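These notes are about the structure you will find just below.
Values in this document were obtained by computation on a predicted structure and should not be read as measured data.
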Amino acid sequence: QSDSKASYLEKVEAGVFHYDEIDISEETVVLHGDLAIVRGRMRAVVAVQGNQVRLNNLFLAVCRRTDGKWRLLEYQPTPANHEYKPANAD
């Protein structure tokens, strides 16, 4: 299910989501003028309507700098229920 910014913030304010832990890793940022493309992994422990969920997502975010401030335009998480292991790792 997708949320708009307004509906997501309403849910956060209503206590539907409560983030206990958030870890961002494997982050890369590519700048194109006043646009930034951010890729990475987000692991989190979040309570959704009282039920604890562990997230392991890859994400893509697009941000724009306006008047010297960065603003998030889009955020796309994708479940990554596997752990990355290099091909040459034993």
Side-chain angles (χ1 to χ4, degrees):
Q1 176 181 334
S2 295
D3 278 301
S4 67
K5 178 181 177 181
S7 68
Y8 179 77
L9 291 176
E10 285 175 11
K11 289 178 181 178
V12 170
E13 288 179 14
V16 173
F17 304 114
H18 176 78
Y19 289 88
D20 295 316
E21 298 174 25
I22 298 176
D23 178 57
I24 303 294
S25 63
E26 302 172 36
E27 189 173 57
T28 60
V29 178
V30 178
L31 294 175
H32 294 282
D34 286 334
L35 288 177
I37 299 169
V38 185
R39 295 181 300 172
R41 179 180 299 270
M42 192 236 358
R43 291 184 175 102
V45 177
V46 59
V48 181
Q49 295 180 334
N51 298 310
Q52 191 179 65
V53 176
R54 291 188 175 276
L55 301 177
N56 179 18
N57 292 338
L58 299 175
F59 71 86
L60 176 69
V62 179
C63 303
R64 180 176 57 206
R65 183 172 37 206
T66 304
D67 297 328
K69 295 181 182 178
W70 287 99
R71 302 284 186 203
L72 180 65
L73 298 179
E74 277 300 319
Y75 180 82
Q76 176 63 53
T78 301
N81 294 324
H82 64 280
E83 292 296 321
Y84 172 77
K85 185 176 181 181
N88 60 356
D90 291 346

From [X] atom [atom1] to [Y] atom [atom2], the distance as rounded to the nearest 0.5 Å:
X: Leu58; Y: Gln76; atom1: CG; atom2: CD; value: 11.0 Å
X: Met42; Y: Glu27; atom1: CE; atom2: CD; value: 12.0 Å
X: Lys11; Y: Gln49; atom1: NZ; atom2: CD; value: 8.0 Å
X: Leu72; Y: Lys5; atom1: CG; atom2: NZ; value: 8.0 Å
X: Arg43; Y: Ile24; atom1: CZ; atom2: CD1; value: 10.5 Å

Practice task
Let me see the working for Ile37 and Leu60 under side chain to side chain contact (heavy atoms under 4.5 Å, CB included), right down to the final yes or no.
Solution key: CA-CA 7 Å; Ile37 299 169; Leu60 176 69; 3.5 Å; yes
Exercise for the section: Mind running side chain to side chain contact (heavy atoms under 4.5 Å, CB included) on Phe59 and Val38 for me, showing each step along the way? Expected result: CA-CA 8 Å; Phe59 71 86; Val38 185; 3.8 Å; yes
Problem - Hydrophobic cluster membership, Val29 vs Ile22, 4.5 Å side-chain cutoff - result: yes
Problem - More than 12 heavy atoms of other groups within 6.0 Å of Arg39 CZ - result: no
If every non-hydrogen atom of [X] is compared with every non-hydrogen atom of [Y], which pair is closest and at what distance?
X: Tyr75; Y: Ala61; result: CD1-CB, 4.0 Å
X: Arg65; Y: Gly33; result: NH2-O, 3.5 Å
X: Pro79; Y: Asn57; result: CA-OD1, 3.4 Å
X: Ala44; Y: Tyr19; result: CB-CD2, 4.4 Å

Practice task
Could you tell me whether the side chain of Asp34 and the main chain of Arg64 form a donor-acceptor pair under 3.5 Å?
Solution key: no
Problem - Whichever hydrophobic residues join Leu35 through chains of side-chain contacts under 4.5 Å - result: Val62, Leu73
Handout entry: Partner residues of Tyr8 under the ring-ring contact (aromatic ring centres under 6.0 Å, His included) criterion, sequence neighbours left out
Key = Phe17
